[in-house]
2 protein chains.
Amino acid sequence: MSLAQLEYFVAVAEEGHLTRAAERLHISQPPLTRAVQKLEQELGLPLFERTTRGMRLLPAGQHLLTRAREILRLVESTRQEAAGHSQRSPFK
Amino acid sequence: MSLAQLEYFVAVAEEGHLTRAAERLHISQPPLTRAVQKLEQELGLPLFERTTRGMRLLPAGQHLLTRAREILRLVESTRQEAAGHSQRSPFK
DNA sequence: CATGCTTACGGATCACGTAACCATG
DNA sequence: CATGGTTACGTGATCCGTAAGCATG
């Protein structure tokens with residue numbers, strides 16, 4: 001489970017659609033397909049139901065969505081806080 | 001900022017020593033040196049003070065340490081919860 | 001000169017994009 | 001047959017380990 005995987009997952013979950021999520025992320029569809037598959041394999045359970053219209057979140061996926069958002073929000077705050085510190089003591 | 005980077009950072013911070021942290025992580029020192037450097041570059045601020053004895057956390061590093069632990073703990077719970085769900089609906 | 005961090009370098013793995021493919025309504 | 005997800009395949013980037021280098025007490 002990587003942060004990129006979680007970002008991709010959130011985008012797909014929110015769009016309900018690989019194609020639109022790919023546009024939003026500025027990547028192509030195949031990496032998204034693979035990222036979601038890999039995440040499902042790593043966690044050992046399916047996250048989406050594939051329809052001909054798009055991707056619908058399963059209950060376990062719904063729960064992961066809230067967790068993923070928490071994790072990404074925490075990471076983002078951490079980056080912001082570091083950016084604040086870097087004003088006092090820049091790196092190079 | 002990746003999860004692996006954060007795990008490495010926590011190990012170095014806790015050991016205060018690249019060599020010991022490397023042993024604990026079962027990798028060699030060079031990847032650790034590079035991971036810490038890259039993290040510092042990405043965040044734009046130094047995290048450790050290099051001494052001839054080892055690595056001492058700077059104040060900004062102290063703060064990142066608590067954040068990193070929060071993030072890793074959250075990721076771990078998420079994995080556990082997924083593992084729970086996977087018992088009901090296995091992936092393949 | 002022993003200890004501990006860093007730089008150089010080669011090789012394996014990973015992740016992307018393009019293109020071709022498949023399923024369904 | 002249009003739409004949307006998947007598989008194949010080649011390439012560039014990333015990350016590791018071994019080996020060599022450098023600083024300091």
Side-chain angles (χ1 to χ4, degrees), chain A residues 1-58 60-62 64-65 68 71-72 75 79 89 91-92, chain B residues 1-58 60-61 64-65 68 72 75 79 89 91-92:
Chain A
M1 178 165 33
S2 71
L3 296 176
Q5 259 175 329
L6 294 180
E7 286 165 18
Y8 288 5
F9 166 74
V10 169
V12 173
E14 289 179 355
E15 300 289 342
H17 211 271
L18 273 187
T19 308
R20 278 197 298 271
E23 287 173 11
R24 166 171 151 187
L25 293 166
H26 303 105
I27 63 173
S28 54
Q29 298 87 341
L32 266 186
T33 291
R34 292 186 294 247
V36 171
Q37 285 174 347
K38 195 176 171 189
L39 186 57
E40 290 176 322
Q41 283 169 11
E42 285 176 14
L43 297 179
L45 79 167
L47 300 169
F48 293 97
E49 174 189 359
R50 273 75 168 173
T51 76
T52 63
R53 292 280 183 175
M55 316 274 284
R56 170 174 289 110
L57 265 187
L58 295 173
Q62 271 290 354
L64 179 65
L65 178 57
I71 293 168
L72 295 175
V75 167
R79 281 205 188 92
S89 62
F91 179 58
K92 182 168 43 61
Chain B
M1 176 166 34
S2 72
L3 295 175
Q5 258 174 330
L6 293 180
E7 285 165 20
Y8 287 5
F9 166 74
V10 169
V12 174
E14 289 179 355
E15 300 289 342
H17 211 272
L18 273 187
T19 307
R20 279 196 297 271
E23 288 174 10
R24 166 171 151 186
L25 293 167
H26 302 103
I27 64 173
S28 55
Q29 297 87 340
L32 266 186
T33 292
R34 293 185 295 245
V36 171
Q37 285 173 345
K38 196 177 171 189
L39 186 57
E40 290 175 323
Q41 283 170 9
E42 286 176 13
L43 298 179
L45 78 166
L47 300 170
F48 292 97
E49 175 189 1
R50 272 77 168 172
T51 77
T52 63
R53 292 281 183 173
M55 316 274 284
R56 170 174 289 111
L57 265 186
L58 295 173
L64 179 65
L65 178 56
L72 295 175
V75 167
R79 281 205 188 92
S89 61
F91 179 57
K92 186 164 38 68

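So that the names make sense, note that chain A is the first sequence line, chain B the second, and so on, each numbered from 1. Hydrogens, waters and symmetry mates are skipped; everything else that's a heavy atom, side chains included, is used. Nothing here was measured: the structure is a model prediction, and the numbers come from that model.
Surrounding CZ of B/R56 are at most 12 heavy atoms belonging to other residues, nucleotides or ligands under 6.0 Å away. Other residues, nucleotides and ligands place no more than 12 heavy atoms under 6.0 Å from the CZ atom of B/R53.
In this structure, A/L6 and A/M1 approach most closely via the heavy-atom pair CD2-SD, 3.8 Å. Residues B/F9 and B/A68 approach most closely at CD2-CB, 4.3 Å, considering heavy atoms. Of all the heavy atoms in B/P46 and B/A60, the pair that sits closest is O-CB, 4.5 Å. Shortest non-hydrogen contact noted between B/E40 and B/F48 is OE2-N, 3.4 Å.
Straight-line distance from the CD atom of A/Q41 to the P atom of C/dC14: 13 Å, rounded to whole Å. Note: NE2 (A/H17) to P (D/dT3) measures 11 Å, nearest angstrom. Look at CD on A/E7: it is 15 Å from C1' on C/dA15, rounded to the nearest Å. Computed from coordinates, the A/L18 CG to C/dC16 P distance equals 13 Å when rounded to whole Å. When rounded to the nearest whole Å, the span between CZ of B/R50 and P of D/dA23 equals 16 Å. A straight line from CD of A/Q5 to C1' of C/dC16 spans 15 Å, rounded to a whole angstrom. Computed from coordinates, the A/Q37 CD to D/dG5 P distance equals 12 Å when rounded to whole Å. Atom CG of B/L3 is separated from atom P of C/dC14 by 17 Å (rounded to the nearest Å).
Not a single donor-acceptor pair under 3.5 Å links the side chain of B/E49 to the backbone N or O of B/L58.
Using a 4.5 Å heavy-atom cutoff, the side chains of B/E15 and B/E23 are not in contact.
Residue contacts for B/T19: at a heavy-atom cut-off of 4.0 Å it reaches the sugar-phosphate backbone alone, with no base atom in range.
The 5' end of DNA chain C is approached more closely, in terms of each residue's nearest nucleotide, by B/T52 than by the other of B/T52 and A/K38. Position along DNA chain C of the nearest nucleotide to A/S2 versus B/T51 favours B/T51 as the more 5'-ward residue.
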Could you go through residues 25-39 of chain A and list every donor-acceptor pair under 3.5 Å that involves a side-chain atom there, pairing it with any protein atom two or more places apart or in another chain?
none

What's touching nucleotides 16-20 of chain D from the protein side, N or O pairs under 3.5 Å?
unit_1 : atom_1 : unit_2 : atom_2 : d
D/dC16 : OP1    : B/Y8   : OH     : 2.9
D/dG17 : OP2    : B/S28  : N      : 3.1
D/dG17 : OP2    : B/S28  : OG     : 2.9
D/dG17 : N7     : B/R34  : NH2    : 3.4
D/dG17 : O6     : B/R34  : NH1    : 2.9
D/dG17 : O6     : B/R34  : NH2    : 3.3

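Annotation: the terminal axes of the helix from C/dC1-D/dG25 to C/dG25-D/dC1 meet at 20°, where each axis is the rotation carrying the C1' atoms of four end pairs onto the next four (5 pairs per end, rounded to 10°).
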